[in-house]
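Shown next, in structure tokens, is the structure this report addresses.
Letters A, B, ... mirror the listed sequences (proteins, then strands); counts begin at 1.
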Amino acid sequence: MTQETLARTTQTPSALQPILEVRHITKRFPGVLALDDVSVEFLPGQVHAVVGENGAGKSTLMKIMAGAYVPDSGEILLQGERVTFSHPQEALQKGISIIYQEFNLLPERTVAQNIFLGREPSRFGVIDIGKMNENARVLLKEIGVEQFISPTAVVSSLSVAEQQLVEIAKAISFNAKVLIMDEPTAALTSTEVQLLHDLIQRLTSRGLAVIFISHRLVEVFDIAHVITVLKDGKFVKTVNTQDVTTADVVYLMVGRTLDHYFPPLGSPEDFGEVVLRVKNASNHILKNINFTLRKGEVVGIAGLQGSGRTELAQALFGVVPFKTGEIELRGKPIDIRNPSQAIKNGLGFVTEDRKSEGLLPKQPIRDNMLLTVRAIQNIFGVINKNGIRKAPNLVPNLGKQVDVKTDSFDREVQFLSGGNQQKVVLSRWLASDAEVFIFDEPTRGIDVEAKASIHDMIRDLTRQGKAVLMISSELPEVIGMSDRILVMYEGQIAGELPAKSSENEIMLMATGNKPGDVAAAGKE
Amino acid sequence: MTTSTFTSSAGASRILRSVWAAIKKIPPVYPLFFAIFISIGFLGQSYQTMPGILNFLRRAAPLAILAIGEMLVLATGGFDLSIGSIVTLVVLGSSKLLNNDPANAIPSILIMLGFGVLIGLINGTVVSYLKVPSFIATLGMLLLVKGGALYWVGGAPQGYLTDNWRFFGREYIENVPILGRFPVALLILIVIAAFSWFIFHRTNFGKQVLAIGDNVRASQLSGVRVRLVRTMAFVLSAVFAVIGGVLIGGYGGVNVTIGEGLEMQSIAACVVGGVMLTGGRGNVMNVVFGAFTMEAMFNLLNLLGLPKPYKDAVQGLIIIAAVAYIALSTRRKR
């Protein structure tokens, strides 16, 4: 036994040999270091949760272990042996199965056909359907779900939970030693979650290692033996669940310093009348949304991915409208069925994904800036190169206001940097006479300097009496910018927190803890 | 001594570089057109005279008008494959409506324009509201219009086109200073091109067409009425196809295949004129010259004595080469 292994064995409390291990994994994507020297061990028979904020690198790590990504450096050891995967199929053959949030099932095929897709048992060169169904039945019985699912059922007729069981059966059928699950319970009801937990227990008792990503800390504490925390692509710590509290894990997830100073928050006397009031509004994702927004304030919306933040913005803006409930603007009920109506009512929406939802990449800066003001004018109106009739020098003025760095407004937007692109998108909305601004991830993927100037611009808006709703995954940004914070969880507003609340309080609320627990944690 | 040579050569190279930069900005369609046109001038003596040039432009005018309409749809990121069939409908339908009576000429043209508006509205509605991809929707319209036109006239052309109906495509304005006889068809092209240039490059409509073609989702989220703009593009394309059809019928014979393949020729003309098939780019003048280039190329193939199938093959090559070029250049960017 070498010294190194000796050292490791003494470190690990369990005497078990890890079934899967990653060492010094680094993965870089254009513009972002997704994983930075991450090393983790996974033991057989354990449920190992990997947690972290959005963008911590959880999914990237899972995809590397499953062979979907190739790491830039570092190694993967399966049962102590070094392995490299150039394709997910290779990982699968070696016993590492992954189940993504989006299932990979063929909806119009049967359960058995899906499980044995591409390796159907055959006799005389034709598929032996009877044998295939029988094998599927044995497999379903093995994982204890044969009473729920028939091998001959068509997948599209199954519920989401049942489809997930099919995915698990399929994964097991490859003689999986390691089963990776990405947010397995995101779409399940509580009874279904219990069913899944039972199944996971049975699988681990057979020596399988289950690795799962979850945003629900409550659930992580329910089933995981071990928790690994990642933050900003770095390994933070691996802890035994019994040794820690939820608050400890949250601290590990978010504990960090702010990377720049934010403009000063508004003071209560600056806040004016209520401009936007949403009452009992719901649609297929959002449930019972109630909140108000006053002139001069920035209300931050926090929540994990999939909690309904973007959907809330889209509902307000008429992209996917509310089905029930009321929206009042300046005290008058309004009905917004599409973005065009939202704009005419004085709403502005700076979208999350600049590339797919914001920019016209091949059009010049000027036309990008003027898109919205032109869209609400007469369609046959003659254009003015630099603005509109009421504001003939809009383009140069906006350029100065948002400080776009370019030699000419005729330059196509695709050739600008991310920060400058975001400023162009922002200026489009400054040009429209919006009263209420919705920002969805206003500073994602842009450099620190541009970030600071966008934060200043958002604060400037409120000084001009505008109201701002700001969605962000970056907690420092939410805390640094918001006069009030709404936290979303599972399509609802889980609660409201005052300005300068801590990251712990927000994360607790965002991971499904009750407001009472949050208050208790805040006092600690 | 050495220093001064150095500076003067540096100065010369700077001038050369700025000249080269200016040359690089010229759309490739212009040198291409003039190269082909000059070569046909060597092969066919008539292309060296003013009447010969005007005659060439008259023949190219209908394709240019069709291509402008096609460009409006391509710039939104869609396709309009129905325009060739619309030309067939115009020629066959008019021959029936005219009923050999010159008094029916104007009414029949107005009815055809009405059909154009209707076809464009249906194309736009199917694409915008039913969310059928425009390639498929207008392919269906191609068959529907062609089949409908043939059914209407009973499978074969009825009667002939009266001389006053043919005026636009066939006649000349006499005694124009310097130019001599000026084709009416060319005048119509100039009017249509000027109108299109104005709406495409100088109105909100044109900017929104490009916006949709560039990023439909972003446009919608910025308040652009995507369905309205898209439908208008289809209506204009169909109406321009009717006008093109009147010109084509004006000097051609009445036959059931008269419009066949014109949609492909128009798309090729657009591609040569720098329109991207993925949408978001277009220029009326360049497309007009794209159509002239196509016509010049067909003439060149004729003068070289190559049979008609070469015409189709060349078109196919142009489209494939252009699309491949775009695909390669976007891949390089990634």
- Item | Part of A:Thr351 within contact of chain B (heavy atom distance under 4.5 Å) | side chain
- Message: Report which part of A:Lys385 has an atom under 4.5 Å of a heavy atom belonging to chain B: side chain, backbone, both, or neither.
- Response: neither
- Note on the structure: In A:Val425, A:Ile376, A:Leu371, the residue satisfying side-chain contact (heavy atoms from CB on, under 4.5 Å) with B:Ser222 is A:Leu371
- Query: Top residue by heavy-atom pair count (under 4.5 Å) with chain B, among A:Gly318, A:Gly348, A:Gly358, A:Pro361?
  - Reply: A:Pro361
- Note on the structure: Honestly, the part of A:Val319 sitting under 4.5 Å from a heavy atom of chain B is side chain
- Check each atom of A:Leu370 against the heavy atoms of chain B and say whether the ones under 4.5 Å are side chain, backbone, both or neither. neither
- Query: So does A:Asp433 have more than 12 non-hydrogen atoms from other groups sitting under 6.0 Å from CG?
  - Reply: no
- What is the minimum heavy-atom distance between B:Lys207 and A:Arg374, and which atoms define it? CG-NH1, 3.5 Å
- Item | Heavy-atom contacts under 4.5 Å, residues 227-243 of chain B to chain A | B:Leu228, B:Val229, B:Met232
- Task: Output yes when a side-chain donor or acceptor of B:Asn204 lies under 3.5 Å from a complementary backbone atom of A:Asn378, and no otherwise.
- Result: yes
- Item | Heavy-atom proximity to chain B below 4.5 Å, by part of A:Gln314 | side chain
- Non-hydrogen side-chain atoms of A:Ile383 and B:Thr203 separated by less than 4.5 Å: no
- Message: Tell me the closest heavy-atom pair linking A:Ser340 and B:Arg225, and the distance in Å.
- Response: OG-CG, 4.1 Å
- Query: If you draw a 6.0 Å radius around NZ in A:Lys344, do more than 12 non-hydrogen atoms from other residues or ligands fall strictly inside?
  - Reply: yes
- Do any of residues 210-220 of chain B come closer than 4.5 Å to chain A, heavy atom to heavy atom, and if so which ones, in number order? B:Leu210, B:Ala211, B:Asp214, B:Asn215, B:Arg217, B:Ala218, B:Ser219, B:Gln220
- Note on the structure: All heavy atoms of B:Leu221 vs all of A:Phe317, minimum pair found to be O-CE2, 3.2 Å
